[in-house]
Number of protein chains: 2
Amino acid sequence: MKVEEALQILKEHGFKYTGKREEMIRICAAEKRYLSAKDIMERIKEQYPTLSFDTVYRNISTFVELGILEETELDGEGRFRLACSTDGHHHHHVICTECGKTSSLPGCPMNIISAVPEEFQVTGHKFEVYGTCKECVTHSN
Amino acid sequence: MKVEEALQILKEHGFKYTGKREEMIRICAAEKRYLSAKDIMERIKEQYPTLSFDTVYRNISTFVELGILEETELDGEGRFRLACSTDGHHHHHVICTECGKTSSLPGCPMNIISAVPEEFQVTGHKFEVYGTCKECVTHSN
DNA sequence: CCCTTAAATCGGATTTGTTCTTATTTGATC
DNA sequence: GATCAAATAAGAACAAATCCGATTTAAGGG
């Protein structure tokens, strides 16, 4: 997803444009990795030093609801990255547990699963491979 | 995994036997679903009304480290269930997001994945299907 | 342009899940 | 039964996330 697409989605849903929102999205668009709310705060402080964490958290959850951001969880804290499933087709990621860096995996296990027990009404799924990226392996040695 | 196996694992690793630990394990063994620390606290209060949450949390993490409990996360809180991967072979679950009830899924996507980018050193993976179980669908209507 | 209004933001207090600290108790071993 | 390390209690401390009341700001209409 591109920054412009994200802003368009916001507009379509009646959300106001603010420089802070755009900057948050730009920050997420800048790297192929999951960022924590803290990471985003840190990066946005350069342009908006007074931004409150309430704003960051509130915007993040708006973005997640609108499908602009994808969410996961590492070490008990939420991590976010610009949605990329919509770029092509649905897929999953390998995630570096050190730095949040991601890389796409082909395919989705749901396509292959023979059967989900019929006493469950399926609402979603999560498939994530965890690891350490080359950079983080190097740094930790 | 059975309660006795779990206790055996504790013993093998030099942990002391306590009634509280056994009871915690029994509680987890009693149902095929993920329980929160709070759930376990609640259930154990019948036998050990004074048990502190520190004890519950500390024991839970010991159990997770020893592979006695499996951990996941729902609604921002840790959930635990008696490990069952060791029963037969490695597998995954459908999880009811309402009550934590689980059901096994055959197979593991890691077997099918063609290739993980070689710049990642894989350390683990998570595959979970989420849904609502029959009981919870009924109750919410 | 200015006015109005609802949405967005601020700043701090609050909540929630979890961990830490210190003193005390208890299980295992001799 | 004495000893000692491990386990526990109780509450303080922590960190992530949310809530709240007051203020500011974007968007649209006159």
Side-chain angles (χ1 to χ4, degrees), chain A residues 6-27 34-66 68-69 71-81 97 100, chain B residues 6-27 34-66 68-69 71-81 97 100:
Chain A
L7 293 174
Q8 185 57 31
I9 293 174
L10 279 170
K11 198 170 196 173
E12 278 163 14
H13 287 79
F15 289 93
K16 289 183 180 169
Y17 169 87
T18 72
K20 290 162 193 185
R21 282 187 173 150
E22 174 168 349
E23 185 58 19
M24 283 182 65
I25 294 170
R26 283 198 185 285
I27 286 167
Y34 280 95
L35 296 174
S36 67
K38 229 181 296 170
D39 291 332
I40 296 175
M41 288 268 284
E42 222 170 80
R43 287 169 170 69
I44 210 168
K45 280 275 159 75
E46 294 169 23
Q47 287 215 29
Y48 299 98
T50 70
L51 190 87
S52 79
F53 44 79
D54 180 67
T55 301
V56 172
Y57 279 112
R58 194 170 15 71
N59 283 339
I60 284 176
S61 62
T62 300
F63 295 162
V64 170
E65 272 168 38
L66 295 179
I68 293 172
L69 292 186
E71 182 175 17
T72 191
E73 187 263 333
L74 289 179
D75 294 321
E77 80 183 321
R79 305 284 189 113
F80 311 89
R81 55 159 293 155
T97 49
Chain B
L7 293 174
Q8 185 57 32
I9 294 175
L10 278 170
K11 199 171 197 174
E12 279 163 13
H13 286 79
F15 288 93
K16 290 182 179 169
Y17 169 87
T18 72
K20 291 164 192 183
R21 283 188 172 150
E22 173 166 350
E23 185 58 19
M24 282 181 66
I25 294 170
R26 283 200 184 283
I27 286 168
Y34 279 96
L35 297 174
S36 67
K38 228 181 297 172
D39 292 333
I40 296 175
M41 290 268 284
E42 221 170 80
R43 287 167 172 69
I44 210 168
K45 280 275 159 73
E46 295 169 24
Q47 288 216 29
Y48 299 98
T50 69
L51 190 87
S52 79
F53 45 80
D54 180 68
T55 301
V56 173
Y57 279 111
R58 194 170 14 73
N59 283 340
I60 284 177
S61 61
T62 300
F63 296 162
V64 170
E65 271 167 40
L66 295 178
I68 292 172
L69 292 186
E71 182 175 17
T72 190
E73 186 264 334
L74 289 178
D75 294 321
E77 79 183 322
R79 306 284 188 112
F80 311 89
R81 57 158 292 154
T97 49

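Naming: A, B, ... by sequence-line order, numbering from 1 per chain.
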Is the closest side-chain heavy-atom distance between R43(B) and L35(B) below 4.5 Å?
yes
Shortest non-hydrogen contact between T62(A) and L10(A), atoms and distance
CG2-CD2, 4.4 Å
Starting at NZ of K16(B) and ending at C1' of dT29(C), how long is that distance when rounded to a whole Å?
10 Å
Would you indicate what T50(A) reaches in the nucleic acid, counting non-hydrogen atoms under 4.0 angstrom: base, sugar-phosphate, or nothing?
sugar-phosphate
If every non-hydrogen atom of A6(A) is compared with every non-hydrogen atom of I68(A), which pair is closest and at what distance?
O-CD1, 3.6 Å
Gap between atoms CZ and P, on R21(B) and dA28(C) respectively (whole Å):
10 Å
Between NZ on residue K45(A) and CE on residue M41(A), distance to nearest 0.5 Å:
4.0 Å
Would you call the rings of H13(A) and F15(A) parallel, tilted or perpendicular if under 30° counts as parallel and over 60° as perpendicular?
tilted
Minimum side-chain heavy-atom gap E12(B)-L66(B) below 4.5 Å
no
Is S52(A) touching bases, backbone alone, or none of the nucleic acid, heavy atoms closer than 4.0 Å?
base
Is the side chain of R21(A) donor-acceptor paired with the backbone N or O of K16(A) at a distance under 3.5 Å, no angle test?
yes
At under 4.0 Å between heavy atoms, how does the protein contact nucleotides 16-22 of chain C? Give one character per nucleotide, 5' to 3', with B, S or -.
-SBBBB-
On DNA chain D, nearest-nucleotide positions of G14(B) versus T55(B): which is more 5'?
G14(B)
Are E71(A) and I60(A) close enough that some pair of their side-chain heavy atoms sits under 4.5 Å apart?
no
Looking only at side-chain N and O atoms, does K20(A) come under 4.0 Å of OP1 or OP2 in dC10(C)?
yes
Atom of A37(A), atom of Y57(A) and distance for their closest heavy-atom approach
CB-CE2, 3.5 Å
Establish, with yes or no, whether the OP1 or OP2 oxygen of dT9(C) is under 4.0 angstrom from a side-chain nitrogen or oxygen of T18(A).
yes
How long is the line joining CE of M41(A) and P of dT9(C), in whole Å?
13 Å
Taking the side chain as every heavy atom from C-beta outward, state whether Y17(A) and K11(A) have any pair of such atoms under 4.5 Å apart.
no
Between K20(A) and I44(A), the two heavy atoms sitting closest are O-CD1, 3.7 Å
Boundaries of the chain A footprint along DNA chain D (any atom under 4.0 Å from a heavy atom)
dA16(D) to dA27(D)
Take the C1' atoms of the five end pairs on each side of the helix from dC1(C)-dG30(D) to dC30(C)-dG1(D), derive the two axes, and give their angle rounded to 10 degrees.
30°
